[in-house]
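Here's the structure we're looking at; comments come further down.
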Amino acid sequence: MTVAEDIDVAADSPAKATRGLTRKGALYGVLSALMVVFCVVPFILVIVISFGRKVEGAAWVWGFSFENYQRFFVGTLWPDEVTFLYLQQLGYSFYFAIIASVLAVLTALPFTLLLTRLKRSTQAIWLVFILSSLSMSEVFIVMGWDILLSNNSGLPKLFQVTGTTQWLKDVGWFQSLRDIGLANPRNVKFKPSEFATILTMSYLVWPYAVILLYPALSRLDPSLSEAARTMGASRWTVTRTVTLPSIRLPLMGTTLLLFVFLLGSYVTISVFATPDKQTTAVAIYSNIRGSNLNAPFGSAQAVILLISASICLYFGHLLNRKAEAR
Amino acid sequence: MSGLILSGVSKTFGNTRAVEPTDLTFAKGQLTALLGPSGCGKTTLLRMIAGLENPTRGQIKLGDDDITDLPAHKRKFGMVFQSFALFPHYTVRENVAYSLIIGGMPKPTALEKAESLLATVQLNGFGDRRVGELSGGQRQRVAIARALAQEPQVFLLDEPMSALDAKLREDMQVELRLLQQRLGITTIVVTHDQREAMTMADTIVVMSNGRVEQVAPPQEIYHRPTNAFVADFIGKANFFDGLYKSGGVMIGSQALETPANFAPDSPVRLAIRPESACLAREPGQNRIPAVVGFVRDLGPVREYHLTTDIGPIIVEYAAGSDEQKLTAGDKTLVHLPADALRVYPRTAA
């Protein structure tokens, strides 16, 4: 390179640098725009629509009214009459999500603990299997459980054919099943029921529970529990005083994540829950796309569900911090 | 009570024999070091003693009691792990009081006792700290206090110094030994560091490939190793392979006199400690011509690395010795005294 060329290159450098910066800025701009369009705009739209108004016999119009929120909390007839139908639905959303997420974590925990004690190659096979099960959609899983629990072709039929139903009657347990709604006068009946709903919801998130718990449990130092054992702790004491406190944070995090995920569960509730125990997610769908066609109210329900989930996450976070501080 | 007795204890993992059938007696109140290279089975042996592994065969007795099948939590042998295994969710005091609390002692009493144990290991005032706030040495002291809290009959330590830096390790070796002597607990330490074993142990058990090679006090292990492995593993040694002839060993064309007695023409391995060999001026018995390769002055000792017809030899002098002062390239004679030469049978391997 000659001296003249050197000077040319030096003169070009600031221009090139500026061009590079501009290109970088443009790229960030496009990415930010995409984020806004695909994530923020729909979210803001839902919030804005939630203040709109349904026109009877027609669609809905933009507006700014708290009517939909008022309807959610105290019903449409307020102040003459107060109804808590939608709050009750929100309550069932929480009820099913809490029980199913806790059940999933409680059952996934011992399984994952055992999994981490297997050979690496065996662990890998199990993890691939569990990960692949995540690819199944909720519809597919619910369909499977629907068949399994159906009165004519599933477990109830099997109970009847194998004489289990008769045996349950003979030992007197059949009446107990009837008392909790899991049997009719002739045979066991698993759906619709809370049992089927919670079982299916737990099954739905169980692989997530394993995948989320696995990293924490595989990092758990086995010498901690061995140390406890040499100090006189039985297996249960080790679990209670060493293992569970050591994984407290991932345990709470996993439960919260599954809980939030299950709050929006739709297909399982539609298929397995009794009509009086439908949840907010189902109500949102029927308002936005279903028979009601009341998008503003559906949006208000969605916003409330979102805020409720956020509050739960916040309290979970506070609990975690408190636990960490201890 | 006569301490801890292992009779024919062995351990097999799948097709791998981790510990060959082993007979050992750990005398009451003594500190025994299980010493050997990585993978020699010393930790497996310790874990079997602790009840964390079941022996494939054999019997473990504590005094007259057979404890072979007794689970770890019923043996209550205090154990310090290589990683210290302190519970991160408890404070230092709660860690030390753990065995007392789960053993049913009222919590205030247990915490009070923990505080006095912390004083024993010179950690007064550290009780409220979290484990993460401690240095390596402090963690080790907490692990020791925690293991001692339940007043164990046997105290086990698995490579307790390996996570510490060299200076701290030396200090802790002495401190641990003093503590053990004060408390008089039967103690078993696993280590791969011969210096650590020599510093702390009353008895050293040298292991290799799952087998016990020698059991003896440190000085005997050093000065009278029973085989070439022990001679090589403990301290430094010069080795020469040769054939036994009556009254001596032929190494190539060089004859060396030794007091050992083997069948004629047996393949043997000779060993001599660097400090047992010396430089010589006059020719004589077991004196070999040598050329100084280089001189390594380490302060307390000076090493002469020599080249000879029978192979390289290191001769070591303590600082202040009045040996010939040689430099690289100088010609000399090296004397290998017959009574300092150890002779071992040499297998084909």
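Labels below follow one simple rule: chain letters A, B, ... track the order of the sequence lines, proteins then strands, and each chain is numbered from 1.
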Neighbour count >12 (heavy atoms, 6.0 Å) for atom [atom1], [X]:
X      : atom1 : answer
A:R120 : CZ    : no
A:E138 : CD    : yes
A:R235 : CZ    : no
B:D165 : CG    : yes
A:F315 : CZ    : no
A:M35  : CE    : no

| query | Who wins among B:I101, B:L100, B:I102 for the most heavy-atom pairs under 4.5 Å with chain A? | reply | B:I102
| said: With a 4.5 Å cut-off on side-chain heavy atoms, are A:T241 and B:F87 touching? | reply: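 No. Closest side-chain heavy atoms not under 4.5 Å.
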| said: Less than 4.5 Å apart, side chain to side chain, heavy atoms only: is that true for B:P88 and A:L224? | reply: yes
| request: With a 4.5 angstrom heavy-atom cut-off, could you sort out which part of B:R146 is near chain A: side chain, backbone, both or neither? | output: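 For B:R146, backbone and side chain are both near chain A.
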| field | Nearest heavy atoms of B:Q150 and A:T230, plus distance in Å | value | NE2-O, 3.0 Å
| With chain B, which of A:P245, A:G232, A:S246 has the greatest number of heavy-atom pairs at distances under 4.5 Å? |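 Max contact count across the listed options: A:G232.
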| request: Can you check whether anything in residues 70-86 of chain B gets within less than 4.5 Å of chain A, heavy-atom wise, and list it by number? | output: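 Against chain A, the residues of residues 70-86 of chain B that fall inside the cut-off (heavy atoms, under 4.5 Å) are B:A72, B:H73, B:K76, B:F77, B:M79, B:F81, B:S83, B:A85, B:L86.
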| Expected output: side-chain B:Y98 to main-chain A:A233 donor-acceptor under 3.5 Å | no
| Between NE2 of B:H89 and CG of A:L249, what distance do you get to the nearest 0.5 Å? | 11.5 Å
